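Here is how names work: the chains are called A, B, and so on, in the same order as the sequence lines, proteins then strands, and each is numbered from 1. What you see is a predicted model; the values in this text were computed from it and never measured.
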Amino acid sequence: MDDRENKNKNEDNSSGISRRDVIKGLATIPAVGGVLYSAYQRRKYERILKSGIFSEIGIGSENNPGQQSNQINRDQQIRLGIIGFGIRGEQLVRAAGFASESWMRTQQERAQASGNNIALNTFLDQENLNIVFNGVCDIFEIEAERARKTVSLNGHQAKKYSHWKDLVHADDIDAVIIATPDHWHAPMAIEAAKSGKHVYLEKPMTHKMQETYDLYDIVKKTGIVLQLGHQFRQTESYGKAKDLIKKDVLGKITMVQSNTNRNSPNGAWQYPFHPEANQQNIDWQQFLGNAPDIPFNKDHFFRWRKYWAYGTGLSGDLLTHDYDAINQILDLGIPRYVTASGGIYFFKDGREVPDVFNALFEYPDKDLTYQYSATLANEYNRPNIIMGHDASMEVGNTLMVYPDRRSTRYENMINEGRIDLELPLFSYTSGSEGLDAITSATERYFASKGLLYTIKNGKRVDVTHLHIADWLDSIRTDKLPACHIDYGFEEAVAAHMGTLSLKLGRKIEWDQTNNFFANVSWEEVIEVLKG
Amino acid sequence: MKNEFSFFGTPAYSNKQISILVILRVVIGWHIFYEGFAKLINPNWSSAGYLLDSKGVFALFFQEIASNPTLLNIADTVNIWGLLIIGFCLMVGLFEKWVSIGGIILIGLYYLSHPPLIGFKFDAPGEGSYLLVNKNLIEILAISVNLVFPNSRLVGIDRLIYQSRISK
């Protein structure tokens, strides 16, 4: 037919566009209407479903508390000192804006090899916090020199202190970052506070009980700004989780579970020794501090987290991160009872602290138990879950709210088929503009991957950078930082209760009225926590 | 073979052939257009997760796009509007040759970012089982059919364009 038609055309070119041409030319245009109409119908259906769920639960889909940007005047330069330039100390200095030469080199090599490097780009995108490091201190000479070089830029020369006390009392330092072994946290922070310096203190806040009170008192008395190093306070999704829980999306919460899942020598604190480390370039006596006097020992120096004299075990080292995150979301405070147990099951390398640890935090007045479980010998991804009668929330960089099959609140919606029990009721990914009801399977899979960084105002940001920035901004504006001393006190007591229970082998009770343990004597506390 | 290219470079088809070809073109267009449209109206949509999930020799290239906010923004925009324009043009039979090539390239990128090779597992849940050949590859070939059996000059807006050009 077309063949014949074509022949006709070719014979009569002058005839132009025929009616047949117009019909055939426009024949498939109705398909566009078809797809648009179907799309409209589908969208209408999903809107009704979604708004139904949101309105029934009483939340809007667009509110987003984590995305406000705060305009802080950073004209005033803050002069810092850093004590401890180990793994964490270097990370903190980098989060403050100074990357070591070796780190930059490694990252640039990686960037060249792979064509891209997220860590490097994120660092380069960091906001300028307008700080200067005037002092550095590390008792390992090689690290001290590396620290000095790292923060001495553009002609500025930071002073290298061989004793931390001199740094803390230096006149040209306003604030100090403390990233030392745990047994040094409180002594240094207390001294700094006495000297009127603001403190960014790595977790856990204290190693011993008495210093927990002492640090609390001095910070309250001097009014310095103390930020405890729980950088997950800056994880944007946690704010969202708090918001959702306030709106009672989960129903009555009676159980919270969080977990540490690690399975590597580094994750188990079995760090490599620095090849050039020796008794000459390490100030061993300064390392020991209030710990028992023993001969120079590289294992104790580099892997101090494995020993009670310097570290706090899983309770202080890793539980505190999870506890603080949960405390941030649920405002739990100090538990009434703590029961903990554990053992050295896998890393039989002479360590003193368990590599498998479980703790139960009971809050009878809140009708809730928080269960923490840690293993350093298995990486199976056990998520952190807040469990309510109506729904469970998986908490990470992404929030997933799963309705409960037996929920009272969602019963009708479940029966009417408006809620799919196989899919999250809501999901929220850090940085997205709103909540998503009816998550597709694909989105769910991607979200479960999680992200290394939180997203703030559309930019990928390292939470540690945000935490340091929050501390500095708090100093400038005289506001409370995100993880202030009250949270620090709660964190320290909770961690100590875990260690006490583990070591004493019994349930530890906290007496809120007396601000002390109800069933542990000071003698026992000193015996277990060495002070 | 005399009739093979008898209408401005378009082969002569039987009624059945032209019907199937046009239907094929319209449904591919419908699918591509709706893929773009669904992304356009979803404020939270981003290709980041998909790109990060990339595997194979080009994985680094796609992951780099995902990790750079500017590039990601461009990729998202190009993807959405590429899909919409290609889908629309295929449906109405406009610029058939060029949008077919565009469609092959675009879906080719999807295929290359997620090649269903032995040993590769993707987070994106698949509803079927694929080995080397997946639906992206089949869609690429379906568009290729459209490219080598052009039909928009018979049924489609291209017919009007070529007719008016010829009649001048």
Side-chain angles (χ1 to χ4, degrees), chain A residues 1-7 9-10 13-18 20-32 34-36 38-39 42-43 62 111 113-118 121-122 125 427-429 431-436 440-449 451 455 458-460, chain B residues 3 6-8 10-15 18 22-23 25-27 29-31 33-34 37-38 41-46 48-50 52-53 60-61 63-69 73 87-88 90-93 122-125 127 152-161 163-164 166-168:
Chain A
M1 176 198 81
D2 285 306
D3 192 27
R4 249 178 289 127
E5 182 189 323
N6 298 342
K7 276 182 190 161
K9 268 284 162 260
N10 290 341
N13 268 351
S14 61
S15 67
I17 297 171
S18 69
R20 184 190 288 263
D21 288 332
V22 174
I23 291 169
K24 291 200 168 185
L26 305 178
T28 57
I29 285 180
V32 179
V35 70
L36 286 173
S38 319
R42 178 173 177 169
R43 192 157 160 75
E62 56 295 300
S114 69
N116 179 47
N117 187 326
I118 292 172
N121 294 342
T122 307
D125 281 349
S427 71
Y428 175 74
T429 304
S432 67
E433 282 161 29
L435 278 175
D436 198 6
S440 74
T442 318
E443 280 167 307
R444 178 174 140 203
Y445 272 73
F446 287 142
S448 68
K449 280 170 78 86
L451 297 160
I455 309 283
K459 250 173 82 178
R460 196 190 333 260
Chain B
N3 295 334
S6 53
F7 183 59
F8 310 123
T10 300
Y13 303 122
S14 71
N15 275 347
I18 185 70
V22 170
I23 290 169
R25 194 190 76 214
V26 170
V27 297
W30 179 300
H31 171 234
F33 182 84
Y34 186 69
F37 192 74
I41 59 176
N42 179 356
N44 288 333
W45 181 82
S46 160
Y50 185 80
L52 285 174
D53 189 28
L60 287 172
F61 166 72
Q63 285 159 8
E64 182 185 343
I65 295 175
S67 58
N68 179 326
N73 209 349
F88 175 83
L90 282 175
M91 272 193 286
V92 302
F122 297 100
D123 288 344
E127 81 290 12
S152 66
R153 292 186 205 176
L154 298 177
V155 180
I157 293 176
D158 282 344
R159 178 182 185 124
L160 300 177
I161 293 173
Q163 287 291 12
S164 62
I166 282 306
S167 54
K168 270 173 197 166

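Between the CZ atom of Phe37(B) and the CZ atom of Arg42(A) there is a distance of 11.5 Å, given to the nearest 0.5 Å. From Arg159(B), atom CZ reaches atom CG of Leu26(A) across 10.5 Å, with rounding to the nearest 0.5 Å.
The closest side-chain heavy-atom distance from Phe33(B) to Leu36(A) is below 4.5 Å.
Closest non-hydrogen pair, Trp30(B) versus Gly34(A), comes out as CH2-C, 3.3 Å. When all heavy atoms of Thr28(A) and Gly93(B) are compared, the pair lying nearest together is OG1-N, 4.2 Å. Residues Gly25(A) and Leu160(B) approach most closely at CA-CG, 4.0 Å, considering heavy atoms. When all heavy atoms of Arg43(A) and Ile41(B) are compared, the closest pair comes out as CD-CD1, 3.2 Å. Nearest heavy-atom pair across Leu154(B) and Lys24(A) is O-CB, 3.4 Å.
Interface remark: Val26(B) contributes side-chain atoms only to the contact with chain A (heavy atom separation under 4.5 Å). Only the side chain of Val22(B) comes within less than 4.5 Å of a heavy atom of chain A; its backbone N, CA, C and O stay farther away.
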